[in-house]
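What follows is one structure encoded as structure tokens, with my remarks underneath.
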Amino acid sequence: MTTDSSPTMPASSSGPRPITPWLKTYRQLLRSSGTRAAELRAALLGLTIAAALQGLALACLLPLFSSVLPDPDWPAVWTWLAVMTALMGLATVARWRAQGFDFDGHMAAATHELRTRLGEQLRRMPLERLQDKRTGEVSSTLLGNVDENLNYLLTVVNLILGAIVTPLVAALATLFVDWRMGLILLLIFPTILPLYRWRRPIFARNMRRLAETHQRINGDILEYTQGLPVLRAARCAGERAASLQEGFEELRLVQSRAQRAGNRPKVLIASLVELGLLLVVAVGVTWAIAGTLDVAVLAALLVMVSRFAEPLANFVNYTAILELIETALERIEALLAIEPLPQRTPTAVPTEFDIAFSGVTFGYAQGDRPVIRDLDAELPARRMTALVGPSGSGKSTLTRLLMRHADPQRGTVAIGGVDVRAIPPETLNGLISVVFQDVYLFDDTVLANIRMARPDASDAEVEAAARAARCLDFIERLPQGWDTPLGDIGGRLSGGERQRISIARALLKQAPIVVLDEPTAALDTESERSVQEAIDALVRDKTVIVIAHRLSTIAGADAILVLEDGRLVEQGRHADLLAAGRRYRAMWNAQQRAKAWHLIETEPDRDTLPPTDSQTIPNSAASEPR
Ligand code: ATP
């Protein structure tokens with residue numbers, strides 16, 4: 001038997017949250033509908049008016065029946081029929097106009113605007129904060145949550161108002177015909193509101209948990225499909241599929257828990273509504289027999305209450321959808337609330353491209369300790385500086401601080417003496433090219449994939465960059481050459497070819513600073529050689545930062561910074577660091593020993609040898625006079 005304490009049951013990531021008051025949800029809705037807020041407000045008001053008019057129209061049954069029974073008073077009958085028809089007609093017009101928010105395209109425009117704002121926010125928000133989020137979760141906020149938020153809104157609100165406002169107005173109107181029956185109606189129908197308020201925290205928690213589980217599984221599915229090649233290679237696709245399966249199982253549990261938790265209150269509320277109905281009938285019939293209630297009024301009341309019963313009984317189901325909308329609104333607002341990194345004024349644009357880290361201490365928002373500690377380092381312009389150190393020592397973090405994915409908590413990062421916080425973001429982006437080990441290719445043509453580094457580049461410039469990056473040979477072999485969509489064949493390009501596209505992008509960008517995150521580490525010897533040639537073209541005359549694990553690739557660097565646990569523990573040139581016999585020397589010796597083991601363990605057949613370090617990233621001293 002599955003119990004709520006099952007170990008596979010996910011804990012709500014944020015635990016029980018306070019219930020959002022409806023007024024707050026209303027304000028969030030208006031905020032999320034941006035420039036269409038006034039139209040949305042008018043539509044919601046229109047729906048409320050329509051529900052109230054509907055209640056009044058139903059209340060007209062009371063005088064109408066009274067004018068029919070026991071003897072028809074035809075002028076009164078026609079008058080009340082006309083009033084009722086007019087009220088119904090007005091209600092229809094009000095509802096129709098309100099729903100024009102959907103039909104007239106305001107809804108589509110509001111969701112489009114919201115998605116655009118979220119997209120813009122992704123562009124503005126610090127990359128560090130974005131990296132904390134999983135792709136699937138971001139995409140489900142952008143697509144699913146936006147649609148959940150607005151698209152079903154009017155339909156749900158219409159149903160909820162029909163269940164609450166219509167009976168309430170009809171009951172109030174009944175007070176004027178027979179105050180005792182009016183009072184009974186007023187006592188019965190609104191009782192479901194406190195009942196609902198009492199159970200709402202449970203509904204809300206379960207609906208939110210459901211939404212969170214959906215979002216997490218969305219992320220899992222995306223990761224699984226994207227990572228399938230890696231998972232298969234690592235022979236853990238099965239394990240991962242099993243964990244995905246566990247996710248589905250979690251979803252099943254969350255769903256059944258939500259249904260179980262919602263079921264009893266739903267049945268309770270529906271039964272109370274039915275009981276209320278019976279009470280009205282019983283009291284009405286008793287009073288009618290006693291002669292204190294007009295039979296015509298009783299007949300009209302019976303028609304009215306039977307009309308209210310179903311929407312009232314379903315009220316809880318409608319509000320469950322409202323909980324989903326609230327969850328979606330919260331996610332959207334949380335994403336929109338992330339502030340971009342502050343821009344220092346006055347802004348400045350560097351003219352020199354040396355890099356200086358001064359007293360930098362930095363810890364990630366999600367981390368519990370600093371990963372860069374009180375670090376001072378100067379990286380000279382138009383020279384190559386290598387960052388080395390054990391995994392997790394902070395090499396990539398340093399380059400992220402340079403690119404301003406986040407700001408250090410203490411100290412400054414400067415380019416050409418200008419604090420990166422004073423450089424406008426677009427300018428800073430233009431100053432730095434990055435070549436990573438993993439190359440991201442977009443679902444667009446080869447030409448567009450290279451040109452995205454500098455959208456105003458001419459075809460000739462793109463071709464020149466591709467030639468310098470040694471891309472021409474394989475681009476010409478592609479089925480549609482430059483116009484081949486990489487979305488279709490990106491997976492068929494070799495690692496080296498993908499790397500060279502990324503280098504062509506960097507070349508086209510002509511940024512004065514180049515960050516190389518060990519681009520050749522995962523390549524075979526042949527690819528490594530061609531990528532190496534491409535890199536030679538890229539780094540010429542630039543300020544270069546290389547992140548390296550294989551020390552032999554950076555032996556020729558102008559400066560080597562050795563990091564350990566976020567601190568700069570040694571710096572100098574390769575020969576000096578070897579001679580110093582400290583941390584770098586120990587790392588070097590360890591790598592040489594490991595290489596020797598490989599050579600002993602493998603056949604001396606070149607093809608079967610592991611990737612060699614024969615190629616080195618060139619340095620200014622070795623390759624180019626600067
Ligand atoms: P590697 O050589 O393995 O790439 P590295 O030297 O480049 O490692 P960093 O990636 O800079 O190291 O990571 C430094 C520390 O910061 C590590 O302990 C890492 O777990 C942590 N870290 C990195 N990114 C984040 C993040 N987004 N949130 C929290 N901690 C992070």
Side-chain angles (χ1 to χ4, degrees), residues 13 122 124-138 219 223 227 230 234 334-335 338-341 355 357 359-377 379 384-411 413 420 432 434-440 495 499 502 513-523 544-555 557 559-571 577 583-584 586-588 590-591 594 611 613 617:
S13 60
L122 290 187
R124 277 168 10 119
M125 68 193 268
L127 270 173
E128 182 217 357
R129 299 294 303 275
L130 188 59
Q131 278 154 0
D132 289 342
K133 301 186 182 302
R134 300 168 75 201
T135 319
E137 290 178 9
V138 173
E223 262 171 27
V230 178
L335 194 63
I338 298 173
E339 289 289 332
L341 292 173
I355 298 163
F357 293 89
V360 172
T361 295
F362 172 75
Y364 286 96
Q366 300 289 316
D368 51 359
R369 58 186 187 92
V371 294
I372 300 292
R373 297 154 194 262
D374 205 17
L375 185 138
D376 289 295
L379 286 62
M384 175 182 288
T385 305
L387 302 179
V388 302
S391 183
S393 56
K395 305 180 289 292
S396 305
T397 304
L398 269 192
T399 62
R400 286 182 205 134
L401 291 177
L402 173 68
M403 292 183 278
R404 233 189 147 205
H405 289 191
D407 281 339
Q409 281 83 24
R410 273 209 311 275
V413 182
V420 288
I432 305 168
V434 193
V435 182
F436 294 107
Q437 246 181 60
D438 299 324
V439 179
Y440 196 89
Q499 274 298 359
S502 139
I513 299 171
V514 175
V515 175
L516 301 172
D517 192 348
E518 244 193 347
T520 59
L523 303 179
V544 184
I545 304 179
V546 191
I547 296 178
H549 286 108
R550 295 174 304 162
L551 301 183
S552 53
T553 62
I554 47 89
I560 298 171
L561 307 183
V562 185
L563 298 182
E564 202 168 73
D565 202 16
R567 292 182 200 281
L568 181 61
V569 291
E570 240 185 321
Q571 61 180 314
L577 291 172
R583 190 73 190 93
Y584 183 82
M587 285 163 59
W588 175 265
Q591 288 195 359
D613 300 345
I617 293 166

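Order of listing sets the numbers, starting from 1, for every ligand and every atom in it. Throughout, residue positions are numbered sequentially from 1 according to the sequence presented.
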**Study point:** Shortest non-hydrogen contact between Val360 and Pro408, atoms and distance
**Key:** CG1-CB, 3.7 Å

Taking only heavy atoms of [X], which atoms of ligand 1 are found under 4.0 Å from at least one of them?
X      : value
Pro390 : 6 (O)
Val371 : 15 (C), 16 (O)
Arg369 : 18 (O)

Checking [X] side chain against [Y] main chain: does a donor-acceptor pair fall under 3.5 Å?
X      : Y      : result
Thr361 : Asp374 : yes
Gln409 : Gly363 : yes
Gln591 : His549 : yes
Glu570 : Arg583 : yes
Lys395 : Gly389 : yes

Exercise for review: Compute the minimum heavy-atom distance from His405 to ligand 1 and say whether it is under 4.0 Å.
Suggested key: no

Check your understanding: Below 4.0 Å from any atom of ligand 1, is there a heavy atom belonging to Gly389?
Key -> no

Review point. Gly394 to ligand 1: N or O pair under 3.5 Å?
Key: yes

Check your understanding: Is it the side chain (CB and beyond), the backbone, both or neither of Thr397 that lies under 4.0 Å from ligand 1, heavy atoms counted?
Key -> both

Practice item. Mind checking whether Ala365 contacts ligand 1 via backbone (N, CA, C, O), side chain (CB onward), both or neither, at a 4.0 Å heavy-atom cut-off? Key: neither

Practice item. If the plane angle is over 60° it's perpendicular, under 30° parallel, otherwise tilted; pick one for Tyr364 and Phe362. Key: perpendicular

**Study point:** From Gly392, Ser396, Ser393 - option closest to atom 14 (C) of ligand 1 by heavy atom
**Key:** Gly392

